[in-house]
Amino acid sequence: VLGYADIDDDLLDELEETLIMADVGVKTTEKLMQAVRQGIKQKKINSPDDLKPFLEQTIRDMLVSGTDEVRLAAQGPTVMLVIGVNGVGKTTTIGKLSAYYRGQGKKVMLAAADTFRAAAIDQLEIWGQRTGAEVIRHEEGSDPAAVAYDAVLAAKARGVDILFVDTAGRLQTKSNLMEELKKINRVIQREIPEAPHETLLVLDATTGQNAISQADLFSQAAPISGVVLTKLDGTAKGGVVIGIKAELSMPVKWIGVGEAVDDLRPFVAADFAKALFE
Amino acid sequence: GLADRLQATFKKLRGHGRLTEDDVNEAMREVRMALLEADVNFKVVKDFVKRVQERAIGQDILATLTPAQVVIKIVNEELTALMGGSQSRLNISSVPPTVIMMVGLQGAGKTTTAGKLGLALKKQGKHPLLVAADIYRPAAVKQLQVIGGQLDIPVYAMKPGTDAVTIAKTAVPYATAHAADVVIIDTAGRLHINEELMQELKSIKAEVKPQEILLVVDAMTGQDAVNVAESFNGDLGLDGVVLTKLDGDARGGAALSVKAVTGCPIKFVGMGEKLEALEPFYPDRMASRILG
Ligand SMILES: Nc1nc2c(ncn2[C@@H]2O[C@H](COP(=O)(O)OP(=O)(O)OP(=O)(O)O)[C@@H](O)[C@H]2O)c(=O)[nH]1
Ligand SMILES: Nc1nc2c(ncn2[C@@H]2O[C@H](COP(=O)(O)OP(=O)(O)OP(=O)(O)O)[C@@H](O)[C@H]2O)c(=O)[nH]1
Ligand SMILES: [Mg+2]
Ligand SMILES: [Mg+2]
């Protein structure tokens, strides 16, 4: 294959290195490099200058297949369940999303279903105050599913448009915590059959290949409708989402680019693909 | 894991009395892949594999070990040596109080680890003071106060609007006045590329002259671990690293990356959300975990 189009091994090695360093992972990188070699063979790539654009396009296409729109309820409250491992940015993301939908004139409610971690409820309450969203909470240490249940009832009764359910961070390998998550999901579903309308898995862009295990195991506890990729304002590229989309069909819907209330953007595959090579 | 893959690799090669360069090249491909899948940084993997390669070529295949086992043994030894020189001990000041600074990216586990360290030191007979110097995150001060309350460890905080440097520097004489001999400063999570916030850390360091600056790193961190560690080390000079959330299934290659680029010892690991879940770092255990 080499010798076509003046593209030498060094150039291809450089590309491979860029992908690995972006946390794309060995398996997905091999897939992408295979596509590049095919592209060279098929004369879709004819000079070294064609390499990056080709790869960007390939990655872009991998990330936009299927319908990735945010799903809203036809009537009654839309319920969005926010899940993920510890410290990735779930609570902060809910604050940002609350502001986003409040900005559209929607009535937003937040459920403080992290009843475990120190000051988790306080933290969410501050976001509720900042964004004009009512917060449903119980005592620290109470049953998270009970909080979720109460919140769904309250959301229905008060004509809420969007209800966000904040959950405690949990490592995907902790089966008792995964069971707790299943219960929260069930309780919500029992009250509103189509709910949660969105279940967002929050992934930290600094995370390496463990993100695959997170996506895999969390989706077994609650079907995931989308990913929020946070902390993209750092130097990490979040390349793991390519494999997650390819293998698990999970689209990225939002990206977090900072700690302030407006540091949230809809995911744009083209921008993301471009940033991988910067 | 790697052992099985190497067995498979060597099955294809004829038995020799020694490992030839070709044998080793094949094996190094497997080692390289295993380390990358474990999130060890690309450049760190390159250097590491080179070292192993040099040691492996010409190695005698003893009757007691298969070629795969020889390579695994070398890889394990090199990994353990690289991450070792384990000092799971903190630098305690001869003149109290000892000052410890917790630093790192957002969400790594600094606040929780500050509590864990406080508990561990209290069990050793010390009198810690936790200092709430995260003035940005909503309810960060409250979080540390709740933790302090659970551990019966005092928490030093100042009224909202006070800057972090003032909080840190007034905490030290406060500790002395209240017979606290260890001051643990919890700082806000920040990006290593945020100059203003990195300057805040430098200012705190200049004021309190800590015996320990601990970089708290999430075990699931990928390739970026190198950038973070290099930056924090370059700006502050690190005394140690704490690797958190090792109770999950992250392979933890970040441990090797961080050690390789900073030379800084990994002193402790976080093994859970409970405040008792702090353990010393064992390089040999980490090595086998990384290799899968
Ligand atoms: N730089 C940056 N920081 C972020 C972003 N999103 C969240 N954070 C920070 O990450 C830290 C953790 O955020 P939280 O919202 O508490 O994360 P969480 O997932 O709710 O954490 P747990 O509930 O403890 O599992 C906080 O310091 C946030 O300010 C982001 O997009 N960029
Ligand atoms: N499973 C597990 N969770 C941990 C560990 N250490 C911390 N956590 C959790 O990780 C999340 C973040 O911990 P924090 O202590 O708030 O992290 P932080 O670095 O202070 O966060 P910021 O101040 O926002 O930068 C919380 O949910 C903690 O309970 C650990 O060793 N294992
Ligand atoms: Mg939270
Ligand atoms: Mg903190």
Side-chain angles (χ1 to χ4, degrees), chain A residues 16-27 29-30 85-92 95 116-127 129-130 140 168-174 177 204-211 213-214 217 230-231 233-240 256 258-259, chain B residues 32-34 36-43 45-46 105-112 115 136-150 188-194 217-228 231 244-245 247-254 272-273 275:
Chain A
E16 189 181 38
E17 176 171 339
T18 302
L19 293 173
I20 296 282
M21 303 266 282
D23 287 315
V24 172
V26 170
K27 184 166 167 207
T29 298
E30 288 191 349
V85 300
N86 307 69
V88 294
K90 299 176 291 302
T91 306
T92 307
F116 170 74
R117 206 209 68 214
I121 298 171
D122 300 76
Q123 184 186 6
L124 190 71
E125 282 187 317
I126 292 172
W127 282 109
Q129 288 159 22
R130 283 180 182 176
E140 288 224 358
R170 66 201 69 219
L171 297 184
Q172 69 276 22
T173 45
K174 311 232 157 155
L177 296 180
D204 186 328
T206 64
T207 304
Q209 298 312 301
N210 194 254
S213 164
Q214 291 173 27
L217 293 177
T230 61
K231 308 181 196 173
D233 46 319
T235 49
K237 304 283 183 170
V240 282
E259 302 188 70
Chain B
R32 185 173 159 275
M33 276 221 283
L36 288 176
E37 286 167 359
D39 290 325
V40 181
N41 182 269
F42 186 90
K43 300 203 165 94
V45 170
K46 242 184 177 173
L105 294 182
Q106 292 88 346
K110 298 174 291 302
T111 306
T112 308
Y136 310 102
R137 170 174 155 152
V141 174
K142 177 100 197 274
Q143 184 186 5
L144 195 63
Q145 287 170 331
V146 170
I147 288 172
Q150 289 170 355
R190 68 205 63 215
L191 297 177
H192 50 297
I193 52 173
N194 184 322
V217 177
D218 193 322
M220 60 188 185
T221 309
Q223 298 289 308
D224 200 45
V226 153
N227 302 328
V228 178
S231 254
T244 61
K245 308 178 203 172
D247 44 316
D249 65 350
R251 296 268 289 277
E273 291 195 74
L275 297 167

Q: Checking side-chain polar atoms at under 3.5 Å, does A:N86 have a donor or acceptor matched by the opposite partner on B:E273?
A: yes
Q: What part of A:E259 lies closer than 4.5 angstrom to a heavy atom of chain B: side chain, backbone, both or neither?
A: side chain
Q: How far apart are the closest heavy atoms of A:A119 and A:E140, and which atoms are they?
A: N-OE2, 3.6 Å
Q: Name the region of A:T235, side chain, backbone, both or neither, that has any atom closer than 4.5 Å to a heavy atom of chain B.
A: both
Q: Locate the shortest heavy-atom distance separating A:V24 from A:Q209; write the atom from each residue and the value.
A: C-NE2, 4.1 Å
Q: Could you have a look at A:T206, A:V240, A:V85 and say which one has the most heavy-atom pairs with chain B under 4.5 angstrom?
A: A:T206
Q: For B:L144, is it the side chain, the backbone, both or neither that has a heavy atom under 4.5 Å from a heavy atom of chain A?
A: neither
Q: Would you indicate whether B:K43, at its atom NZ, is surrounded by more than 12 heavy atoms from other residues, nucleotides or ligands within a distance under 6.0 Å?
A: no
Q: Counting heavy-atom pairs closer than 4.5 Å to chain A, which one of B:D247, B:T112, B:T244 comes out on top?
A: B:D247
Q: Pick whichever of A:D204, A:D233, A:V88 has the most heavy-atom pairs under 4.5 Å with chain B.
A: A:D233
Q: Taking B:Q145, B:Q150, B:Q106, B:R251 one by one, which has the highest count of heavy-atom pairs under 4.5 Å against chain A?
A: B:Q106
Q: Which atoms of A:I126 are under 4.5 Å from chain B, going by heavy atoms: the side chain, the backbone, both sets, or neither?
A: side chain
Q: Please report the closest heavy-atom contact between B:L36 and B:F42, naming both atoms and the distance.
A: CD2-CA, 3.9 Å
Q: For A:E30, is it the side chain, the backbone, both or neither that has a heavy atom under 4.5 Å from a heavy atom of chain B?
A: side chain
Q: With a 4.5 angstrom heavy-atom cut-off, could you sort out which part of A:K174 is near chain B: side chain, backbone, both or neither?
A: side chain
Q: Closest approach of A:T92 and A:Q123, non-hydrogen atoms and distance?
A: OG1-NE2, 4.4 Å
Q: Between chain A and each of B:N227, B:V146, B:T221, B:T111, count heavy-atom pairs under 4.5 Å; write down the option with the most.
A: B:T221
Q: Which heavy-atom pair separates A:A205 from A:A236 by the least distance, and what is that distance?
A: O-CB, 3.2 Å
Q: Would you check if there is a donor-acceptor pair between the side chains of B:D39 and A:N210 at a distance under 3.5 Å?
A: no
Q: If you count heavy-atom pairs under 4.5 Å with chain A, which of B:A254, B:A250, B:A108 comes out on top?
A: B:A250
Q: If you tally heavy-atom pairs under 4.5 Å against chain A, which of B:M33, B:K245, B:K46 wins?
A: B:K245
Q: Would you mind checking which part of A:Q214 comes under 4.5 Å of any heavy atom in chain B, side chain (CB onward), backbone (N, CA, C, O), both or neither?
A: side chain
Q: Can you name the closest pair of heavy atoms from B:Q223 and A:D23 and give their distance?
A: N-OD1, 2.9 Å
